[in-house]
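Letters go in sequence order (proteins before strands), and every chain restarts at 1.
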There are 2 protein chains.
Amino acid sequence: MAVTNEQSDRRTRRTRLALKTAFIELILEKGYDAVTILDVTGRADYNRGTFYKHFIDKEDLLREIHDDLLTDLAEALVRPYEGLRQVNADMISPSILQLFRHIESHKHDFLALLTVSREKLRADLLQTFRHSMQEDMHIEMKPGAPQLDYDILLSYQTSATVGVIMHWAETRFRYSAEYMTEQLIALVNTPIDHIVFKRRT
Amino acid sequence: MAVTNEQSDRRTRRTRLALKTAFIELILEKGYDAVTILDVTGRADYNRGTFYKHFIDKEDLLREIHDDLLTDLAEALVRPYEGLRQVNADMISPSILQLFRHIESHKHDFLALLTVSREKLRADLLQTFRHSMQEDMHIEMKPGAPQLDYDILLSYQTSATVGVIMHWAETRFRYSAEYMTEQLIALVNTPIDHIVFKRRT
DNA sequence: CAGGAAACGTTGACTAACCGACACCACGAC
DNA sequence: GTCGTGGTGTCGGTTAGTCAACGTTTCCTG
């Protein structure tokens with residue numbers, strides 16, 4: 001049997017979404033291991049057999065949720081750059097904001113994935129962001145500035161961004177996407193020698 | 001073709017509920033007359049043809065929502081009395097609370113019906129409440145108390161209750177079901193001659 | 001360890017929902 | 001006038017989801 005359709009039929013879209021949503025809720029409530037297929041289909045109000053029309057097993061469903069999220073995030077990150085011939089520093093902020101807003105609107109997905117596999121999520125975020133930035137552009141230094149290596153710059157920036165995102169999630173998204181963006185952009189724009197670290201008295 | 005079953009199949013339950021919910025949302029957004037079948041099925045994400053598998057037309061759908069609500073309310077009203085041989089005054093409060101809680105949890109339905117046909121809703125509420133109380137019980141006066149006519153008592157009580165509910169809805173359910181119950185019970189228990197109406201100075 | 005419950009994974013017959021197409025209206029625009 | 005444009009109601013063929021049933025595995029508890 002061919003893998004059949006993708007999202008063409010309303011019914012499949014509805015069902016897959018309902019199963020994913022139910023799964024995420026249940027993971028947050030009782031933890032990944034404790035969730036059964038029966039739980040998922042029960043919560044979503046579908047027949048148990050229907051699950052197997054769409055997914056191989058629990059891991060398969062989780063993997064798809066994971067992949068969906070990462071794909072969407074990568075897309076949100078580069079969408080603001082679409083059509084632009086070159087990207088100046090002032091275009092970074094909208095892009096980061098898009099990214100943070102998307103995370104905020106999918107915070108349950110994010111938290112569920114976080115509880116299941118924190119380090120895998122971090123690693124995949126790093127890899128995805130790096131990859132989609134690398135695909136989309138390269139850099140060129142203004143004359144007089146020190147020449148920077150793009151690969152190193154990317155490592156620096158993506159690590160910092162992902163670090164902030166993980167912290168944001170782990171503190172349960174206390175602040176708004178707007179505030180987080182503001183802070184991150186401020187950090188990017190502040191040379192380290194403008195900051196004074198003082199020893200606690 | 002037999003009328004088939006009622007709510008047996010998950011699919012029919014899902015679909016009917018989704019269509020009803022979408023319809024209610026749309027009524028509140030743009031008004032009953034402006035809502036098309038295409039709007040409803042679009043919002044609910046179902047094929048237009050599916051609508052006609054379940055409902056004859058827009059009025060049919062509205063009528064069903066209306067009937068559902070009234071049936072549920074009547075049921076909520078008498079459920080607390082179930083199994084009791086006799087009902088004393090102190091059992092009224094839980095019953096009213098049940099009723100108000102149910103309305104609160106279906107406030108969108110209520111508001112939608114309110115905007116479509118205010119007076120029909122009031123009339124049907126009166127009729128339904130009166131009917132389900134009349135079915136369930138009769139009264140007996142304690143010796144020494146003035147002998148009251150049950151039919152008149154019912155008119156008095158149901159009108160008062162429905163009046164309070166309508167006011168509650170029209171002020172967009174500002175207060176909680178608990179508060180409304182408290183107030184209504186206090187009114188029932190306060191003889192009119194304990195209240196002093198003063199002319200505004 | 002045995003026995004039983006609970007979840008799994010799969011099957012097959014049935015049916016709701018899908019989609020695209022049809023003809024029919026109502027209405028406003030040109 | 002008539003030409004869209006947009007909503008209605010209906011149809012037939014196709015496909016997703018339903019339910020009940022099956023044997024299997026897993027895991028707990030007496």
Side-chain angles (χ1 to χ4, degrees), chain A residues 1-66 68 112 115-116, chain B residues 1-66 68 112 115-116:
Chain A
M1 60 192 73
V3 187
T4 69
N5 53 49
E6 275 312 296
Q7 71 226 55
S8 50
D9 194 298
R10 289 177 137 102
R11 289 171 293 185
T12 67
R13 272 186 280 125
R14 253 202 312 270
T15 305
R16 297 172 74 88
L17 178 61
L19 292 174
K20 286 176 188 173
T21 305
F23 190 38
I24 287 163
E25 284 177 22
L26 287 162
I27 288 174
L28 292 175
E29 285 171 24
K30 44 155 70 178
Y32 176 78
D33 290 331
V35 179
T36 70
I37 308 291
L38 205 65
D39 285 336
V40 176
T41 52
R43 173 69 62 99
D45 194 25
Y46 279 83
N47 189 280
R48 193 168 58 86
T50 303
F51 179 91
Y52 297 101
K53 297 251 173 80
H54 297 282
F55 308 102
I56 298 168
D57 53 21
K58 217 166 63 161
E59 291 90 65
D60 187 40
L61 175 51
L62 183 72
R63 189 190 44 67
E64 192 160 304
I65 291 171
H66 179 95
D68 282 357
T115 69
V116 177
Chain B
M1 60 194 76
V3 186
T4 68
N5 46 36
E6 277 313 298
Q7 71 224 54
S8 52
D9 195 298
R10 288 176 137 103
R11 286 172 294 187
T12 68
R13 272 185 280 127
R14 249 202 313 272
T15 305
R16 297 173 74 89
L17 178 61
L19 292 174
K20 286 177 187 173
T21 306
F23 189 37
I24 287 163
E25 284 177 22
L26 287 162
I27 289 174
L28 291 175
E29 285 170 23
K30 43 156 68 178
Y32 176 78
D33 290 331
V35 179
T36 70
I37 308 290
L38 206 63
D39 285 336
V40 176
T41 52
R43 172 70 61 99
D45 194 25
Y46 279 82
N47 189 280
R48 193 168 58 85
T50 303
F51 179 91
Y52 296 100
K53 297 251 172 80
H54 296 281
F55 308 103
I56 298 168
D57 53 20
K58 217 167 63 160
E59 291 90 63
D60 187 39
L61 175 52
L62 183 71
R63 190 191 43 69
E64 191 160 307
I65 290 171
H66 179 95
D68 282 357
T115 70
V116 177

Give me the distances for all protein-to-nucleotides 8-12 of chain D N/O pairs that come in under 3.5 Å?
residue: dT8(D); atom: OP1; partner: I37(B); partner atom: N; Å: 3.2
residue: dT8(D); atom: OP2; partner: I37(B); partner atom: N; Å: 3.1
residue: dT8(D); atom: OP2; partner: L38(B); partner atom: N; Å: 3.3
residue: dG9(D); atom: OP2; partner: Y52(B); partner atom: OH; Å: 3.0
residue: dG9(D); atom: N7; partner: R48(B); partner atom: NH1; Å: 2.9
residue: dG9(D); atom: O6; partner: R48(B); partner atom: NH2; Å: 2.9

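A salt bridge does not link E25(A) to K30(A): none of the charged side-chain nitrogens sits closer than 4.0 Å to a carboxylate oxygen. Between D45(B) and R13(A) there is a salt bridge, since a side-chain N of the basic residue sits under 4.0 Å from a carboxylate O of the acidic one.
In this structure, Y52(B) and R48(B) have side chains that are in contact, with non-hydrogen atoms separated by less than 4.5 Å.
Contact between the side-chain N/O atoms of N47(B) and the OP1/OP2 oxygens of dA17(C) is not found at any separation under 4.0 Å. The phosphate of dC18(C) (OP1 or OP2) has a side-chain N or O of T50(B) nearer than 4.0 angstrom. Residue R10(A) places none of its side-chain N or O atoms closer than 4.0 Å to OP1 or OP2 of dT15(D). Side-chain nitrogen and oxygen atoms of T15(B) include at least one within less than 4.0 Å of the OP1 or OP2 phosphate oxygen of dA17(C). Residue H54(A) places none of its side-chain N or O atoms closer than 4.0 Å to OP1 or OP2 of dA16(D).
For Y46(B) and dG17(D), the OH to P distance is 10 Å, given to the nearest whole Å. Rounding to whole angstrom units, CZ of residue R14(A) and P of dG17(D) are separated by 8 Å. Straight-line distance from the CG atom of D45(A) to the C1' atom of dT18(D): 11 Å, rounded to whole Å. In this structure, R13(B) atom CZ and dC19(D) atom P are separated by 7 Å, rounded to whole Å.
Taken to the nearest 0.5 Å, the CG atom of L61(A) stands 13.5 Å off from the NE2 atom of H66(A).
As judged by a 4.0 angstrom heavy-atom cut-off over every strand, R11(A) is placed among the base-contacting residues.
In this structure, the side chain of K58(A) engages the main chain of V35(A) through a donor-acceptor pair within 3.5 Å.
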Please step through side chain to side chain contact (heavy atoms under 4.5 Å, CB included) for the pair T41(A) and L19(A), ending with a clear verdict.
CA-CA 7 Å; T41(A) 52; L19(A) 292 174; 4.1 Å; yes
